[in-house]
Amino acid sequence: MTSIGEFAIGAVTLLALLMVIIDLIVLRTGSARMRYWSPWIWSLTLIVLVLTFLYLIFLFLTNDVSFLYVWSRSSSDLDAFYKLGSAYSGAGGSTLFTTILIALFAWYYIRSERRVSGHARTVDLVSFSVSLVIFGLAIILLLSNIFVPTDASRLVQFPNGFGLTPSLQTWEMVVHPPVVFLGYAACIVPFAGAAANLVTGRRETKNILPYARMAWLMITLGIGIGAWWSYYEVGWGGYWGWDPVETASLILWVFLTFYLHSARSDSGPGNESIGHQMIGMSLFIAVLFTIFVTRSGKVWLFAVHTYSASTPGDAGSRLISVLSGSQSVLVLFMMLLIAIIAMIVLAWWAKRYEMAKGRMMEPVPALATGMFLVCLIVLLLLLLKNTDASTTSNYLELTSKVPLVFAALSFALIVCMSYSRFGWKRTRTIILIIALAAVAGSIIGYVSGWDPFLTAAILIAIIGLVMGLMRLVASLTKVKRIRWRAVGSSVIHIGSMLVLIAYIVSTSFQSTPAAGDRTSINIGDTVHVDDYAISVQSLEKGSYVPTPSHSYNLVLTAHLTIAKGGTLLGDGSVITNYYYDDGNGTVTKVNGEVLVLNGVTEDLYLEFDQGASSDIVLSAKTVPMMNLLWAGAILLGLGGIMVIPYQKDERSKA
């Protein structure tokens, strides 16, 4: 018997197909009657999507485990707040939520543009592009089987639900996904708008930029919340591990930054180049790629975001296995390929018939655009190249190479800021200063035993930070009327430089005990790292009966005494880990806590695991400049908020 949810998703699929047909008829015939019905179908589709999602939330809140999706991600004793997060924590729920947001952004854009814009064909093309995307996502929803029933064997084993992974039972993991989904969805407008512009030959994208700015802000916040979660909540060893999902999200972030800079770089309003339109289409292609990486994490040998092991074989066989094993992932992969082909074909079409003649960018802004492109290529190559690499080797390679690319990008942005403020003559002097600083930094690094290239990268970022501060002061004091968008742009550049400096320092200059990061010690022993002395006073064991919301039956709590330079910092500090003991000698760690002692210039980062007999394996390290990293992330968010507002002059020029 078909459930209400299955019927609703089927209705969404039919409505999306109807939208595609109506929009196609409008494009072919210009029918005013069909154009009249199009917004009504849009609204009806959006309403059905929202009602379907509300129904899914209702199933989670009432813990209706007769549905497999609810059973696998919830339980009767799970807090209602986490039940809400569980609704979109899986592949099907996240796709449904993202589809709603995409439809909402597109509906609002199309509705507002039909009222103020005289370019009806452009709006019709946007509507057609988005309806195709929603139709594809609706098919994925159909194949995701969100509302299939739970088989009897599962209900017998876990009658109250299997429960939610403990590491996801945090406020960050309830907030993080919707923020990221908002960023994904906002990218649909630049994608569809760019496709329409390539077909019609229009060049104006001012009315699209606010959506790209919104997407940039949401992805920035999403990455920041995820980094905070992994640093403080889970024992992944830090805030960034170059996991495939993390790297794919960063690629999307760079694409968004690339798009916003390419719009500002083109010479004059209404002259955005074909390349800029291609970047606009690439935004949603990057979204599809990120979703694909998230849903097919088994393609990589390592993927901490995927709570299951990769399939055997090389990367190609693993990819084939993933595509053949999941029809929804296969459709998503096909959507990705179709979007890439459509972008190339439309760009060729626009160039072939000269429907869009953009002016050449000035040389200095073109430098930043080129560096963004290089950065994207490096990130993509490293992500795809390291499908067969271990977590450690992949982390080390990306940690050593990517900062250099971002340092080069910082150099390009410094040149652009200098050029816009001082002109080309002084910019040449600044380039010479940067070159000398880079050489000096390399020498200092080599003499000090540090990585000379990373030392040079830090100095370049410091120069970029100074330039950003000078630009901020100028935007606040040397104008009659403060332009908050210019202030926000300066704040973003300052935040970016702070994050880059803090990332290089915090990952490259950590300190660990002489015996290594993971040290096996007895109860009562002391481990030293820098000026810190960490003593393990006791290890408390507790037996627990597994419940639906947690699958552990053994809890280990380490009681620590922490001192720095002879001064007691934490007497009675505790770290708690959760394990499952199968009774046959196999003990599996279910969830681990971390203890972070925040200092002004550095953090002490501690975690432990069970060792032989009464021993424990203690992981201790100092992580410098974390406060600077979080400060930079906050500035990125504040700057992003400042640059979002939709100015009246932007709409009047559209």
Side-chain angles (χ1 to χ4, degrees), residues 75 77-79 82 162-173 226-239 241 243 302 304-309 391-392 510 512-513 515-527 529 532 534-562 569-598 603-623:
S75 59
D77 63 339
L78 193 65
D79 188 86
Y82 298 138
F162 185 73
L164 182 66
T165 302
S167 61
L168 299 181
Q169 296 179 34
T170 62
W171 71 265
E172 293 94 341
M173 286 300 101
W228 179 276
W229 170 75
S230 62
Y231 188 69
Y232 284 103
E233 295 293 342
V234 292
W236 286 357
Y239 60 90
D243 178 79
F302 71 99
V304 292
H305 284 78
T306 301
Y307 296 94
S308 57
T391 305
T392 301
Q510 297 178 1
T512 59
D517 178 27
R518 298 178 62 83
T519 308
S520 181
I521 63 173
N522 294 314
I523 306 302
D525 288 349
T526 300
V527 171
V529 50
Y532 292 95
I534 305 103
S535 301
V536 182
Q537 298 301 314
S538 63
L539 183 65
E540 179 183 339
K541 295 185 178 182
S543 298
Y544 287 77
V545 177
T547 67
S549 63
H550 72 259
S551 56
Y552 55 84
N553 58 9
L554 174 64
V555 177
L556 299 182
T557 302
H559 296 263
L560 310 175
T561 297
I562 304 169
L569 296 180
D571 187 10
S573 299
V574 297
I575 310 176
T576 303
N577 288 348
Y578 305 88
Y579 300 85
Y580 181 76
D581 187 347
D582 65 357
N584 297 316
T586 301
V587 179
T588 304
K589 189 175 182 179
V590 176
N591 192 38
E593 291 183 351
V594 296
L595 175 63
V596 180
L597 291 184
N598 299 111
D603 289 355
L604 177 64
Y605 194 92
L606 301 170
E607 55 184 324
F608 83 94
D609 206 346
Q610 188 179 32
S613 65
S614 62
D615 297 350
I616 68 171
V617 178
L618 183 68
S619 178
K621 60 185 176 182
T622 57
V623 186

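Hydrogens, waters and symmetry mates play no part in the numbers below; they use all other heavy atoms, side chains included. From a predicted model like this one, the values you see are computed outputs, not experimental measurements.
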Spacing of [X] atom [atom1] and [Y] atom [atom2] [to the nearest 0.5 Å]:
X	Y	atom1	atom2	result
Leu606	Ser573	CG	OG	8.5 Å
Tyr605	Thr622	OH	OG1	13.5 Å
Tyr82	Leu168	OH	CG	10.5 Å
Tyr231	Glu172	OH	CD	14.0 Å
Leu618	Glu607	CG	CD	9.0 Å
Tyr578	Thr557	OH	OG1	7.0 Å

> In chain order, what residues pass the side chain to side chain donor-acceptor pair (under 3.5 Å) check against Thr519, with sequence neighbours excluded?
Replying inline: none
> Residues two or more places apart in sequence or in another chain: which of them pass side chain to side chain donor-acceptor pair (under 3.5 Å) with Asn591?
Replying inline: none
> What residues form a ring pair (Phe, Tyr, Trp, His ring centres under 6.0 Å) with Tyr232, not counting sequence neighbours?
Replying inline: Trp228
>> The criterion is ring pair (Phe, Tyr, Trp, His ring centres under 6.0 Å); which residues satisfy it with Tyr532, sequence neighbours excluded?
In response: none
Quick one: closest heavy-atom pair of [X] and [Y], and the distance?
X	Y	answer
Asn553	Tyr580	OD1-CA, 3.4 Å
Ile523	Ser538	CG2-CA, 3.8 Å
Pro513	Ala620	CD-O, 3.1 Å

Heavy-atom side-chain proximity of [X] to [Y] below 4.5 angstrom:
X	Y	value
Asp609	Arg518	yes
Asn598	Val596	yes
Ile534	Leu604	yes
Asn577	Val555	no
Leu556	Phe608	yes

>> Applying side chain to side chain contact (heavy atoms under 4.5 Å, CB included), can you list everything that pairs with Ser535, at least two apart in sequence or on another chain?
In response: Thr526, Gln537, Thr561
> Looking at residues at least two apart in the chain, or sitting in another chain, which of them share a side chain to side chain contact (heavy atoms under 4.5 Å, CB included) with Gln510?
Replying inline: Lys621, Val623, Pro624
> Can you list the steps and then say if Leu595 with Ile562 is a side chain to side chain contact (heavy atoms under 4.5 Å, CB included)?
Replying inline: CA-CA 11 Å; Leu595 175 63; Ile562 304 169; 3.9 Å; yes
> For Val574 and Glu593, what are the C-alpha separation, side-chain angles and deciding distance, and is it a side chain to side chain contact (heavy atoms under 4.5 Å, CB included)?
Replying inline: CA-CA 10 Å; Val574 297; Glu593 291 183 351; 6.0 Å; no
